[in-house]
Structure formats: structure tokens, C-alpha cells
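Following: one structure in C-alpha cells, then a few remarks.
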Protein chains: 4
Amino acid sequence: MPRTEKQFEQIREEKRDLIKSVALELFAKEGYYNTSISKIARGAKISKGLIYNYFESKEDLIKEIVFDGIDTFIEVFDPNKDGILTDDELEFFIGETFRILKSNTNYWRLYFSLLMQSNVYKLVGRRFLKLIIPLMKTLKNYLEWKGSKNPLVDVRLFAALMDGICLHYVLDPKDFPLDDIKERIFKLFTINN
Amino acid sequence: MPRTEKQFEQIREEKRDLIKSVALELFAKEGYYNTSISKIARGAKISKGLIYNYFESKEDLIKEIVFDGIDTFIEVFDPNKDGILTDDELEFFIGETFRILKSNTNYWRLYFSLLMQSNVYKLVGRRFLKLIIPLMKTLKNYLEWKGSKNPLVDVRLFAALMDGICLHYVLDPKDFPLDDIKERIFKLFTINN
Amino acid sequence: MPRTEKQFEQIREEKRDLIKSVALELFAKEGYYNTSISKIARGAKISKGLIYNYFESKEDLIKEIVFDGIDTFIEVFDPNKDGILTDDELEFFIGETFRILKSNTNYWRLYFSLLMQSNVYKLVGRRFLKLIIPLMKTLKNYLEWKGSKNPLVDVRLFAALMDGICLHYVLDPKDFPLDDIKERIFKLFTINN
Amino acid sequence: MPRTEKQFEQIREEKRDLIKSVALELFAKEGYYNTSISKIARGAKISKGLIYNYFESKEDLIKEIVFDGIDTFIEVFDPNKDGILTDDELEFFIGETFRILKSNTNYWRLYFSLLMQSNVYKLVGRRFLKLIIPLMKTLKNYLEWKGSKNPLVDVRLFAALMDGICLHYVLDPKDFPLDDIKERIFKLFTINN
DNA sequence: AATGAATGAGAATTCATTCAT
DNA sequence: CATGAATGAATTCTCATTCAT
């Protein structure tokens, strides 16, 4: 019995995901340039050629991986709401960020490593900004409401802090007191100052 | 009549510096792996071979560049004092960090980009930690004195924040309100909380 | 429809052999260091890169070539017999040695040329000795039986003579009276002296 | 007081010899291709450039070294005599050969190593033959007189044997019973057979 | 006579990508 | 859909040689 169109589609989808997950693992662990297509193929137990059946190029592959990560982020934080943040919502935001950080450490290490290569940044940064900007706007409103004298600066501060924590966490996840840090951040930004 | 020892010494010194500055520029702008020795040679208007007259390998070259940066940092912050931080000293520390960040933006972009490539991190991280650890200790004492309930966590928070700011700054220095941020950090960490 | 495992295996086998035979030819004629991978590739009408698909490095390539030659030798002379040599067996030994010399002149030129490069000797010498030592032991017994007063010295003499002949032969095979020499050696070492 | 022409000449001579002896040492120990001009200069504690003041090229340098060795050989064996060899003279010949071998082991190792690289052989071989041929002629007469049925073959045998011994000796001088071997050769070729 | 900085051709090696099967 | 042999451009690095001083 020949497979249906749909079954093929599903096989393709699974293969794509397999390749991407192996590639993410390797990119994050060994670096983008130290990870050859051969290694990925070996890791996924498929042939080199097949990868080109699913992705146009190595660059295309990493682009997809990064975009996927961004999309995960978007799904969680999609702010199609009212642009208004409550204390609870801020706590949720911080908590979710750290939860994703914990469960996708590899991805975020990769993300930061890529971010630093300006050519990749140009590629990916734009898309990331589109996601971040509305969040930042909402946050600005929130901080304004909280009495911040210079909410724009405080937003920057918040963003930098979050990224700094991500950075430190992915570099050495074992000893990082993520939960304590969460508490502190929450306090820092919810109290009226 | 042959050149004197001193003249050779000077030529070497100048060439080394030229190569390092061109390399730093390119490494930071295009990434370590996207910067070939050929490009560096072209940038410095010298031959490929000459670079190997001054540096044993590409790896040796980047190691020297990074160590130079660390040394600059050390010179400013060498804490063989009393291990005690006053409010003024903290302000000085933050201020100096940002001043160095501004004047060595390229270097710090490079530093972060390397940090993320685990193999390079192993190379450099150790040396950096040796510098950082005493600073962190001093800071811990300071925060304790300021009444921090969990100074270890606060030190982590501070370090992450500083790195986050550095990261954001090097990625987009133009629009970053570094001075305002400085104020905010200072306030955050000097008030009794 | 993809090629079967067996077809690939055969292609690989043939290509490996092609590369090895071209490389042997060139190594022997021009020397190891004067033979670049490019030259070998050109000689085999394949790309440089393909050679690395079959051999890990230039050193690996020559190692395989030399080991192949040793293996040929071992196949002929494998002395897991009784350790006893008759006159006929000695004649056979000498005859076979010269036959191999004639049919593998290139290989032996290469072998001698490598022998003299101490680093390569270390690589290969050990394996060769393993083969030679038992042969020499058998020969010593034989010469003892023939009445040699100092069989150890005579074994050395025999080995040196055989290698000297090989050396002269590979340097100028055209005019070398190999068959007459064979007779003489046989007489020299079979008569009681 | 300015140095005289002669003094300069002597300095030059000494430097040439220094360079050659260092180069011979290194060529023999590490191989021709593994010995860079830089290494030689370092070994002789002079500058790279100066070597080119004395020798046109690396090839020129090795050519001179090899020719020197041949000349040493010629000095000892120059057969401007009667072309007739007595038993005593043969013993002297063999003895001298081995004496030179012992005192110049490095040189002979180099010589053999070069011999095997056909391009060098072409360079040097001709000159060597000019030296060897008269010796071989004299030896042929001697062997004829001794009753050799095929003196040409015996000359070849003798030459091969001598080279074989040299080869084995330079490869592992420590354990080689050179003196015993000498006795055996002498007996082998002086007895009527 | 002497120096060593500088050159540039060429070496080994890697790897993304293609393509016949 | 799948394979892996094959390519070739690019990379790091070496080194004989030149030359200004």
C-alpha cells in the first residue's frame, strides 16, 4: 500500500526536526564553525546529501534553528493583549523566561554565540527586535505606572539584566541561583522607587 | 652597517601592535572564523607570512589580543587594597568599567563573542576568573555591609547586570544611554534594601 | 535508487588502490617530500580533496603503502614452520627475495628512501623488525649447522649483503646481474667454510 | 690595524666550515626537508641571511657537503698507482672504509638518505661514479687474479656488500660488529674460490 | 661581513556543496 | 527519498630567498 501524501509529509517533518535538533546540539556544544555538515549527518545517522534535501545550506539550517527558538519565545509572550502589565504578569514574564532558559539552555547558548557574530546578528536580529519591541513598550508603561522617573532607561536596564542573567546562566548553569535571582529581580522592579 | 638590536626591537613592537589592532578590529566586526589570516594581512598591508613571524598561530594571535584586554582591565581594578569598598569606590568601579567599555568597544564585542565559543572560553576563562574573583569578594563584603540579605545572590545579580549592559552596549553602542544606566545601577546597589 | 553497500565498497577499494599505486610511483621516483598531494591527485586524475576521503593524511598514506609492502613480504616468508632451513629453502628464500625485488622495484626504492629518514624509520622500522627477526634466527641456526664459527656475525653479513644488493638494484636495475649474484650468494653461504 | 686579505679569507673559510658542519649534523639527524635554513642559522649562531652570503641556495649547501665527503673518500683511496691490488692493499682498503664509516657516521647516513632521492642522486651520483669506477676496475683485476670466474659479478657483489654494511652500520651503529665483519669480508674475497 | 624583517609561492588539509546512481 | 563519492575553493601555515640597513 503506497503511503499517502500526508504520511510523506509527516516523515519529512520528522526528519527536518531530527536534523535541526542534532544540529542545535552540536552548534551549541562545539560552535557553528566547528560543526561540519558531516558531523551533523553522522549525528543524525543520515547521509550528508540528505541534509541538502531539507535545507538549502548550512546557513539556512542555522537560520531556521534560531527562528524556531524565537517563535517558541513568541508563543509564550505574545502580547496581543492590552499592553498593560500587572505585577502578576511581570512575575509571570520573568518566571516564564527563566523556565524557557532552563529547558532550552542549549538553544540560548547558541543564540548568544550567534548574536555576537555580526553577520548572523543582522540576519536574525531584526526578527528578534520585532518580537521584543512590543514587550518593551508594555514594560515601559508598567514602569511608568510604577513611578519610574526614566522608564526608557529602566526598560533598557531590565533588558540588559535579563540578558546578562541568561548569559551567565548558559555559561555555567550548574551553580547559578536562578530562583533566588528571580525573586530579587521581581522585587527590584515592582517596588516603587 | 646592520641595524641595532634596539631598532629591531622597535620595529617588532610596532608591527605586533599593528597586526593586533587590525586583527581585533576584524575579529570583532566579522567574527573569529570569518576573519582569515589573509584578510588580516591585507588589512595591515603586510604579507601573510609576516604574521607568522610575530605570532605562532591564529590562536596565539587571538589569545594575545584577549589577554591584552584583560591586562588593561586588571591595571585599572587591581584590588590589592583592603578588600573594602566604599560608596565612592563602587561608583568609581562602575564608572571605570563603562569608560573602558566605551573606549574599547571592539575589544569587548570580541570578548563576548569569544566567550560563547566554548573552546575559546576554556582558553581564556581561567585567566579572567582570577581577575574577577577578588573583585567579587570585595563586592560581596560591601553588599553585606549595605545590609543585603543574600549578598552572594546580589553579587551574581550585579555581575550579570554589568555583563548584560556590556553586551547590549557593544551590540548597539549608538543609542545606549550608558550614563543614565550608570546612575541607576549606582542607586540600585548603594541604597540599603 | 541508491547504490548498494557493496558497490560503494568496490568503488572505494579501487580508488584506494589507484591512489596508493600512483603515490608509490611518485614517492619512489621523486621522494616523499617532493611529492605533493596535488601531484598525486593530478597523477590519479582526481581532486586533492578526494585523497582525504580515503586517507587521513599524507603520512597515513605512506604508512599504508609501506605496510602493504611489508605484508607482501610477510606473506611469502612467513616462517611459522620449524625454524629449520635446508639448502633448498635458503635458495628459495634468496630467489623469492630477488623475485619480489624485481616485481616491486618501486616499492623497495621507496622503502630504502624512507628507511633513511629517521622519523619515518621509527614509524615503520618496528613492524619490519618483527618480521625480520624470526627469519634471522632461522638463518642463524642454519649457518651454525653449516659450521659457521660466528653465526651471529654471518647473519649480519648476510642481511647486509642482501640489503646492499637490494639497494644497488633499485638504484640501477637495468644493468644489475641479479641472477649471477644470486648464484654467488648461494654458494657463499651454503659451502662449509 | 686593518685585517689583511688573508685574514678575511680565513674567517670566511671558518664560517663556511661552521655552516657546513652544523648543516650536516642537522640534515643527517632530522632529514634534509625537516631542516630549515633558519634551524641551521640558529645552530650556527648566525643570521639566516649570512648563509646566503656563503652558499647560493640550500641545494648548493648540501651539494657541497656531499662533495666534501666524496673528496675525503678520494683522498684516502686515490688509486693513482698501478691499478694493481695486493692482499694487503685490499685489507687496507676495507679497513680504511670502515674507519671512515666509524668516524663520519653522520655523513654516511646523510649520504645514503640523499642517494635515495633520485633528484639528489642525479646531482651527486655522477661525481661519485667517477671516483668509484677506477677502484672497481682495480678490484676487478685483483679478483681475476685471485681466480674469480666472473670478476664483474664479484665486483658488484663486493660493492653491494660494502654498501649494505655501511647502511646497516649507520642505521644502528651501537650493536654492529664492524670488526668481525671486516675479518669475514677479507676472508671471503681473498681466498681462492 | 652581517642582520633579521619581509615576501610569496606552495604545502597539507577541511568542508560546504553537487550529483550520478 | 537517500546515498556517499567527488569537487574545488579557501584556510592555516612553512620556508627558501631577498634586501634595506
Side-chain angles (χ1 to χ4, degrees), chain A residues 3 8 11-12 15 33-42 46-61, chain B residues 1-5 7-12 14-15 33-41 45-61, chain C residues 1-5 7-12 14-15 33-41 45-61, chain D residues 3 8 11-12 15 33-42 46-61:
Chain A
R3 267 178 276 213
F8 274 123
I11 289 175
R12 280 193 71 85
K15 271 283 152 70
Y33 289 100
N34 287 316
T35 303
S36 66
I37 292 287
S38 285
K39 268 189 205 164
I40 298 170
R42 220 173 304 132
I46 58 171
S47 71
K48 260 184 303 188
L50 192 56
I51 292 178
Y52 286 86
N53 209 313
Y54 289 98
F55 301 91
E56 286 201 345
S57 64
K58 197 183 171 187
E59 197 177 311
D60 182 49
L61 173 56
Chain B
M1 204 185 326
R3 264 177 277 211
T4 66
E5 190 71 16
Q7 282 171 314
F8 279 129
E9 200 55 47
Q10 197 196 332
I11 290 176
R12 284 191 73 82
E14 282 167 10
K15 269 294 147 70
Y33 289 102
N34 285 316
T35 303
S36 69
I37 292 288
S38 287
K39 268 189 204 164
I40 298 170
K45 291 183 207 303
I46 59 173
S47 70
K48 259 181 308 178
L50 193 58
I51 292 178
Y52 289 89
N53 207 317
Y54 291 96
F55 301 91
E56 287 202 344
S57 63
K58 197 182 171 187
E59 195 178 311
D60 182 49
L61 173 55
Chain C
M1 205 185 325
R3 264 178 278 210
T4 66
E5 189 71 17
Q7 283 170 314
F8 279 129
E9 200 55 47
Q10 197 198 333
I11 290 175
R12 286 192 74 82
E14 282 166 10
K15 270 292 147 69
Y33 288 103
N34 284 315
T35 303
S36 69
I37 291 288
S38 287
K39 269 189 203 164
I40 298 170
K45 293 181 205 305
I46 57 172
S47 70
K48 260 181 307 182
L50 191 58
I51 292 178
Y52 288 88
N53 207 316
Y54 290 97
F55 300 92
E56 286 201 343
S57 64
K58 196 183 171 187
E59 195 178 311
D60 183 49
L61 174 55
Chain D
R3 266 177 277 210
F8 273 125
I11 290 174
R12 279 193 70 84
K15 270 283 153 69
Y33 288 100
N34 287 317
T35 302
S36 66
I37 292 288
S38 286
K39 269 190 203 165
I40 298 170
R42 222 173 303 134
I46 58 171
S47 71
K48 256 183 309 186
L50 193 57
I51 292 178
Y52 286 88
N53 208 314
Y54 290 98
F55 301 91
E56 286 201 343
S57 65
K58 197 184 173 186
E59 196 177 311
D60 183 49
L61 173 57

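Since the structure is predicted, the reported quantities are computational estimates derived from the model, not experimental observations.
- B/Asn53 places its CG atom 6 Å from the P atom of E/dA5, with the value rounded to the nearest Å.
- Looking at heavy-atom distances under 4.0 Å, A/Tyr54 makes contact with sugar-phosphate atoms alone, never a base.
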- For DNA chain F, what dot-bracket results from Watson-Crick or G-U pairs at under 3.5 Å, with [ ] for crossers and | for inter-strand partners? .||||||||||||||||||||
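- The distance from the NZ atom of A/Lys58 to the CD1 atom of A/Ile37 is 6.0 Å, given to the nearest 0.5 Å.
- Atom P of nucleotide F/dC1 and atom NZ of A/Lys15 are separated by 10 Å, given to the nearest angstrom.
- For C/Lys15, the side-chain contact (heavy atoms from CB on, under 4.5 Å) partners at least two apart in sequence or on another chain are C/Leu18, C/Ile46, C/Leu50, C/Tyr54.
- Separating the CG atom of C/Asp60 from the P atom of E/dA12 is a distance of 14 Å, rounded to the nearest angstrom.
- Rounded to whole angstrom, the span from the CD1 atom of A/Ile51 across to the P atom of F/dA2 amounts to 12 Å.
- Taking atom CD1 of residue A/Ile46 and atom P of nucleotide F/dT3, one finds them 7 Å apart after rounding to whole Å.
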- Message: Please encode protein proximity along nucleotides 13-20 of chain F as a string of B, S and -, counting only heavy-atom distances under 4.0 Å.
- Response: BB-SBB-B
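- Closest approach of A/Ser38 and A/Lys48 over heavy atoms only: OG-CD, 3.2 Å.
- Atom NZ of B/Lys45 is separated from atom P of E/dG8 by 15 Å (rounded to the nearest Å).
- Between the CZ atom of D/Phe8 and the C1' atom of E/dA2 there is a distance of 12 Å, rounded to whole Å.
- In the set E/dT3, E/dG8, F/dA5, the nucleotide with an atom closest to the side chain of C/Arg12 is F/dA5.
- The side chain to side chain donor-acceptor pair (under 3.5 Å) search around C/Glu14 returns C/Gln10, not counting sequence neighbours.
- Place B/Lys39 and C/Ile11 on DNA chain F by their nearest nucleotides, and C/Ile11 ends up nearer the 5' end.
- At whole-Å resolution of the value, CD1 in D/Ile40 and C1' in E/dT3 are 17 Å apart.
- Smallest separation of non-hydrogen atoms from A/Ala41 and A/Ser47: CB-C, 3.8 Å.
- Closest of all the heavy-atom pairs between B/Phe55 and B/Asp60 is CA-OD2, 3.6 Å.
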